[in-house]
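Worksheet: one structure, shown below.
So that the names make sense, note that chain A is the first sequence line, chain B the second, and so on, each numbered from 1. Just so we're clear, the structure is a prediction, and the values are computed from it rather than from any experiment.
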Amino acid sequence: MRIGVFVCECGPNIAEHIDIDSILKTIPSLQEFEDIELIVKRHKLLCSKEGQQFLEEEIKANGITHLVVAACSPRDHESTFINVCKKTDMNPYLFKMVNIREHCAWIIPDKIEATKKATRYIRAGIRRVFYQSELLEKEIESRPDVLVIGGGIAGLEAALSLASEQRTVYLIEKSEVLGGKSTFYSRLLPRQQDSWGLVAQKIMDVEKNENIQVFTETEVERVVGFFGNFEVVVKNKKDEEAGTELKVGAIVLATGSGLLDPTRLPAYKYKREDNVYTSLEIEKMISEDGTINFTPGEVPKTVALIHCVGRDEKGYCSRICCTYMINIAKSLKDQYPETSIKVYYRDLCLPHKDDQRFYEDIKAQGIDFIRVLDTRVKGTTIVYTASNGSKGEDSADMVILAPAMEPSQDTEALSDILAIPLDETGFFQEAHYHLNPVGTSTEGVYIIGTAHGPMGISEAMLQAQAASGKILSRLIPGEKIVPEVKVAVISEAFCTGCQTCLEVCCYGAISFNEEKGISVVNEAVCRGCGNCAASCPSGAIQARQFTAPQLYTEMIEAIR
Amino acid sequence: MKGIAGKGVFLPEKEGINKSILGFLKTLLEKYVFDGIMVPMRVPAKNSYAWVLVREPSLIMKASPLAPVMPVQGAKALKSLTRKGKGTLNFAVLMRPCEIRASIELTKLNQIHPEKITLMSIDCPGALPLSDYIQNPEEGEKRFEALFTGESWSDETSKPVCQICDQFSWQPASDLHFGLMRGQKKGIFLISNSEKGQRVLNEMKLQASESVSEWKKSIEDLTKKRQKKREKRFEEVQTMAKGFEPLLETFAACIGCHNCQSACPICYCRQCYFNSTISRPDSDFIFQKAEVRGGISFPMDRIFFHVGRMTHMSLSCVSCGLCSDACPVSIPVAEVFSYVADQTQRTFEYRAGESGEDAIPITRYRMEEIQGVQNIVHQAEGAMSKDG
Amino acid sequence: MANQLTIKKSSEQGLIDFLTFLLETRKISAVFTLRETGKEGVFDYGLITDVQMLKQAIPLHPFMPVNAGQELSRFKAMKKQVAAVIRPCELRGFIELIKRVQGTPDHFLLISYTCGGALRFASSLHGKGDTNLPGYWKAVEKGENYKEIRPTCKACEYFVPMNADATVSLVGKNHEDECVLELHTEKAKEMAAGFKGEYSEEGTKSQIVDTLLEKRKAEKTRLFQEIGSVMKDLGGVVEVFSRCVGCHGCSRVCPMCHCILCDFESHLFDHEASVIEKEFSRKEGMRLPTDTILFQLGRMNHMSFSCVGCGMCTEVCPADIPVASIFMKTGSETAQLFDYIPGRDIDEPVPVTVYKEEELSKLG
């Protein structure tokens with residue numbers, strides 16, 4: 001064993017506040033290092049190109065097996081020096097960086113005191129490195145495949161953008177069919193295209209694509225791992241057996257949304273009166289029959305369209321309702337030209353390029369737009385407070401509600417499984433509102449479409465393409481990744497299977513082996529955070545590079 | 001006694017409480033309600049007691065449902081039975097309340113699989129110090145008899161921690177409880193707490209028809225007395241345990257045998273951290289320490305062991321007192337550890353062994369907790385910023 | 001070189017002076033010995049580097065809080081010299097550990113003494129030690145077994161140290177009169193060089209040592225017979241060990257039990273439910289936890305032939321089982337089969353590591 005101790009001057013940063021010469025004299029003279037071969041030197045700036053070269057040469061020339069560098073914070077240059085070690089025969093994990101800049105030079109004005117502390121820290125570092133072990137890094141190939149959760153329009157688009165010969169896409173959908181909610185929308189603004197037609201094309205493309213594997217009636221059960229190396233278990237709802245394991249490099253959440261159930265809002269009498277419908281029910285009618293059916297044979301004299309149902313309760317605008325409601329209004333007017341159609345709205349959200357003209361047109365057709373503060377349904381009457389404060393009542397044979405858009409029912413469960421937080425609205429939280437709208441707090445997991453928040457089909461497509469772009473550029477087939485090597489290790493002989501470590505692991509990296517009655521670390525998933533090692537009372541689990549003897553020795557030395 | 005059933009089965013006492021209980025247990029075996037029942041039994045040399053899992057009905061008549069001493073914590077015995085799986089046979093165990101509580105804690109730590117175990121608890125007057133009993137078993141038997149059958153259970157002859165125990169009766173986590181009624185109406189109340197307990201009553205064709213209110217009141221009265229005693233005693237123990245110097249003083253005679261750790265039911269580690277080589281200092285370090293202080297004691301790190309053990313098991317300590325029994329140099333380990341456990345459990349609003357659902361605080365995270373500690377931190381931060 | 005050093009002070013003070021000399025002249029870096037801690041009636045072993053602290057030393061007191069051989073084995077090889085004052089059985093224990101590569105002797109100056117026995121815990125703690133001391137020293141002077149010493153001490157025939165660098169003569173002398181230190185090895189003689197005292201050739205062995213030896217041998221025979229009569233069969237073994245609580249304290253304080261994880265605490269003895277149930281179905285009742293007696297027999301099997309009879313096991317047993325007497329008997333009789341005496345010779349290999357074609361003929 002030959003320990004190289006290099007003290008960096010860091011320009012004037014350390015040199016002016018610490019008496020490096022005295023350290024160079026003191027350290028080799030210490031009795032406890034009598035039997036250890038120490039090489040102690042100084043350098044002006046170890047992190048510089050010249051400094052790194054100096055270090056490399058010193059290691060090689062002196063046959064140094066263990067390295068201690070006393071310099072700045074490891075956060076700055078630990079990786080720099082590890083890379084230097086990698087150029088030599090030395091194992092890069094037999095290296096300890098001691099911070100004598102932020103911890104000594106920069107905070108202690110008295111040079112003697114600062115030097116004393118630095119000396120103590122360096123001693124501690126040397127004692128510690130003695131106990132460190134060689135660790136071998138392993139390279140694994142990052143997995144280029146992608147899991148898309150949700151077979152709606154966003155999921156379909158993402159799958160099509162990503163799939164290639166080198167990249168399989170696993171598309172899972174919890175219902176029996178692909179397409180999602182947009183299959184129900186009849187005509188889309190502005191060109192009144194049939195939504196189903198658009199979606200159907202995408203579904204066909206997906207089904208034809210050999211690089212996309214579709215799993216219907218399937219849900220995600222478990223996800224562990226990290227970007228480039230996720231291990232996922234998906235399960236078919238009808239299957240009794242264990243789920244299927246998939247290994248992917250990235251995950252796209254396209255789980256869509258639902259609509260608020262208006263039965264929760266008694267003012268609208270949904271399901272209590274026969275004549276109250278939701279917009280979705282109307283859309284379904286149109287797509288099935290091409291018409292909006294009132295009681296067969298009869299023509300409604302008045303139809304009320306109520307916007308913002310549940311907006312206050314939810315606390316956000318659902319963005320697409322005004323657009324589709326004016327569409328429904330037009331369909332109604334086209335079908336029943338004599339019927340009086342009134343739209344009760346709070347604000348009008350018509351942001352798209354063609355919305356304004358459409359709105360003007362249908363107003364010209366005789367559809368009334370009444371701005372209100374609140375509305376209530378009373379039998380076949382709408383009771384409302386207009387925006388100027390006056391009260392009004394209108395008759396309504398048919399009432400159509402535009403309920404708020406809600407996160408889908410699986411959102412909370414998926415949030416747990418994927419460790420992605422939800423925001424106050426209950427939708428998935430994006431990484432950054434402006435700068436990273438499709439990313440999440442977990443690298444490699446993306447959120448697109450209405451899983452992210454209320455949006456229309458064109459926006460959902462945009463997000464799908466954005467997420468795909470990110471994945472295509474960052475998850476390159478054949479690329480190598482080096483998983484964390486400073487992982488936790490459990491000793492079989494000492495583990496009693498109490499599962500305390502399992503409970504405190506936030507990465508899902510520990511599992512329980514029933515036959516042996518012990519816990520086991522999945523080294524590919526472990527991030528080396530050390531929570532488990534801290535929680536184990538017996539020391540049966542140790543974190544590599546931060547084992548109890550290493551920490552104990554360093555601490556004792558540092559505080560002595 | 002939150003959640004206790006209002007009614008129980010009353011079994012009048014015939015030929016003494018012991019025989020009545022044993023008779024009941026015998027019937028349980030004869031009717032195959034259980035394949036085996038774990039009870040304490042006097043050892044052949046008649047100078048101690050050991051846990052026996054009894055299969056043969058006639059053998060159980062030789063057992064003692066409540067032994068004068070607790071040489072092995074019942075939870076430990078139960079652990080040896082069911083650590084590696086729940087097995088196929090139905091067993092019942094009759095244990096003291098602290099043993100039940102320790103079993104609950106061990107269940108949370110995956111050291112006991114209780115699916116096929118019916119936990120039966122019994123009112124406990126306390127246990128005698130083990131060494132006292134072994135030195136003179138006859139005298140010990142007499143003393144315990146007096147304790148057991150006496151009208152008052154606030155006796156001075158039981159272990160110090162037993163004298164201040166406020167959880168000596170019905171346990172929310174046991175399946176069936178044997179409440180002991182003294183006074184005019186001598187007998188045993190069988191109180192079911194769970195489906196398992198109910199099954200026993202059903203199979204024995206017993207109805208819970210008698211009100212337990214009288215018995216309950218007597219227990220609640222005694223509990224209040226004990227709680228007062230406990231508070232008072234803890235005030236005294238504080239001087240033994242609060243701070244480094246007092247601890248050094250209290251544990252001065254400790255020889256590092258670690259008997260306390262091996263007797264403790266909660267200490268479940270296969271190899272105690274403090275027995276391993278992980279924390280053993282090397283000679284250089286020993287020497288340096290000696291040089292700084294002029295001299296150091298052996299074995300080293302006495303207080304490190306005790307405070308470390310406290311850190312690891314305090315949240316689950318059930319104050320059973322086996323640690324003191326096991327200590328060869330008569331250190332009042334149990335009282336010190338009980339006092340500390342009381343404090344730490346309070347901090348997390350947790351009571352060891354009370355509920356199988358309540359996760360041990362170290363395995364759960366709450367954003368708002370340890371308010372007391374947080375307040376101290378905030379105070380300190382405030383003070384620091386004032387100093388500038 | 002002279003091999004006897006007489007110091008005209010009490011045995012303890014003379015020894016302390018000698019140790020002080022060694023420490024002051026830096027011939028040693030520290031002293032390992034019994035000392036008073038200043039707390040009421042509490043003593044322990046200490047590693048002392050400061051001469052001032054030697055004043056608290058009580059090197060020859062009949063106390064044994066831990067087996068010092070066990071503590072000395074914790075020291076890995078180092079350049080510093082340590083003078084250790086330990087009992088003959090602790091020294092033998094240390095030698096046995098050295099044979100198993102659990103310690104090295106090179107950096108120790110091993111000082112022992114002719115031993116009148118160690119007091120039981122009950123007789124040495126909480127102030128009781130002081131009350132027993134006068135009676136104890138008298139017995140040592142007369143060559144008798146003081147009543148409060150450990151049962152195995154009363155039966156110990158190896159009270160004259162083997163393999164010490166230096167030995168203080170206590171048995172048969174008035175410990176207040178003088179300190180007689182016999183220097184056996186070159187190392188001891190070199191260390192002593194320069195110390196002011198009376199040097200001479202070895203004096204005549206005290207007759208009282210022989211008297212005590214006879215008494216001890218007689219007691220050993222008696223004790224072994226007593227144990228043997230109770231534990232003559234499995235029933236007897238069960239009866240004696242039936243109150244064992246399985247704390248394994250005996251193993252932990254035993255110098256010979258150096259295993260980091262005892263077999264009996266490992267996975268091996270954690271039985272599957274099916275195994276337990278099978279065992280249960282064959283009996284009327286089954287004791288729990290299992291393997292209580294097996295642990296005792298297993299431990300006997302593993303180490304009893306190296307047992308030095310220090311008595312620590314009995315002292316820590318919460319169930320007052322006379323573990324030391326039992327193990328000493330079994331151990332001594334087993335070792336006899338191999339002509340082995342634990343701690344006698346550092347080069348004598350441990351019987352389990354040796355194979356001879358002709359041995360155990362009695363059993364054959």
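With 3.5 Å as the limit, one finds a donor-acceptor pair spanning the side chains of B:Ser297 and C:Arg35.
Of the listed residues (B:Asn275, B:Asp284, B:Thr277), the greatest number of heavy-atom pairs within a distance under 4.5 Å of chain C belongs to B:Asn275. Among B:Ser276, B:Gly36, B:Ser283, B:Ser48, the residue making the largest number of heavy-atom pairs under 4.5 Å with chain C is B:Ser283. Contact tally against chain C (heavy-atom pairs below 4.5 Å) for B:Ala50, B:Cys254, B:Ala263: the top residue is B:Ala50. In terms of heavy-atom pairs under 4.5 angstrom with chain C, the leader among B:Thr82, B:Val329, B:Val292 is B:Val329. Per-residue heavy-atom pair counts under 4.5 Å with chain C were compared for B:Leu130, B:Val54, B:Ile134, and the maximum is reached by B:Ile134. Highest contact tally toward chain C, considering only B:Gly85, B:Pro57, B:Ala326, is held by B:Ala326 [criterion: heavy-atom pairs under 4.5 Å].
With a threshold of 4.5 angstrom between heavy atoms, B:Asp325 approaches chain C through N, CA, C or O but not through any side-chain atom. For a residue to count as touching a neighbouring chain, one of its non-hydrogen atoms must lie under 4.5 Å from one of that chain's; by this rule C:Lys79 does not touch chain B. For chain B, the nearby part of C:Val82 is the side chain; its heavy atoms alone come within less than 4.5 Å. Proximity to chain C (any heavy atom under 4.5 Å) is shown, for B:Leu81, by both the backbone and the side chain. Interface remark: B:Thr88 contributes backbone and side-chain atoms alike to the contact with chain C (heavy atom separation under 4.5 Å). Heavy atoms of B:Phe91 lying under 4.5 Å from chain C belong exclusively to its side chain. Only the side chain of C:Phe32 comes within contact range of chain B, with heavy atoms under 4.5 Å apart. In this structure, the portions of C:Ile260 lying under 4.5 Å from any heavy atom of chain B include both its backbone and its side chain. Proximity to chain C is absent for every atom of B:Met41, based on heavy atoms less than 4.5 angstrom apart. Only the side chain of C:His126 comes within contact range of chain B, judged by heavy atoms closer than 4.5 Å. Both the backbone and the side chain of C:Ser29 come within contact range of chain B, with heavy atoms under 4.5 Å apart. Within the 4.5 angstrom heavy-atom criterion, atoms from both the backbone and the side chain of C:Val316 approach chain B. For B:Arg302, the part lying under 4.5 angstrom from a heavy atom of chain C is the side chain only.
Within the model, atoms CG of B:Leu53 and CZ of C:Arg287 stand 13.5 Å from one another, a figure rounded to the nearest 0.5 Å. Interatomic distance, SG of B:Cys257 versus CE of C:Met312, reported as 8.0 Å (0.5 Å rounding). The line from NE2 of B:His258 to NE2 of C:His248 is 15.5 Å long, rounded to the nearest 0.5 Å. To the nearest 0.5 Å, the span separating SG on B:Cys272 from CD on C:Glu265 amounts to 10.0 Å. The line from OG1 of C:Thr49 to CZ of B:Arg293 is 11.0 Å long, rounded to the nearest 0.5 Å. The distance from atom OG of C:Ser274 to atom CG of B:Leu89, rounded to the nearest 0.5 Å, is 10.5 Å.
Salt bridge C:Asp270/B:Arg270: present, at least one basic N to carboxylate O contact under 4.0 Å. Taking a cutoff of 4.0 Å between a charged side-chain nitrogen and a carboxylate oxygen, B:Arg83 and C:Glu272 do not qualify as a salt bridge.
For the pair C:Phe121 and B:Pro328, the tightest heavy-atom approach, listed with the atom from each and the gap, is CD2-O, 3.8 Å. Across all non-hydrogen atoms, the minimal contact from B:Ser262 to C:Cys247 is OG-O, 2.9 Å.
You'll find the ring centres of B:Phe298 and C:Phe75 inside the 6.0 Å limit.
Checking side-chain atoms of C:Glu284 against main-chain N and O of B:Leu59 turns up no donor-acceptor pair under 3.5 Å.
For B:Lys289, the NZ atom sits in a packed shell: over 12 heavy atoms of surrounding residues, nucleotides or ligands are nearer than 6.0 Å.
Residues of residues 234-244 of chain C lying within less than 4.5 angstrom of chain B, judged on heavy atoms, are C:Glu239, C:Ser242, C:Arg243 in numerical order.
No option in C:Leu125, C:Asp44, C:Val66 other than C:Val66 meets the side-chain contact (heavy atoms from CB on, under 4.5 Å) test with B:Ile255.
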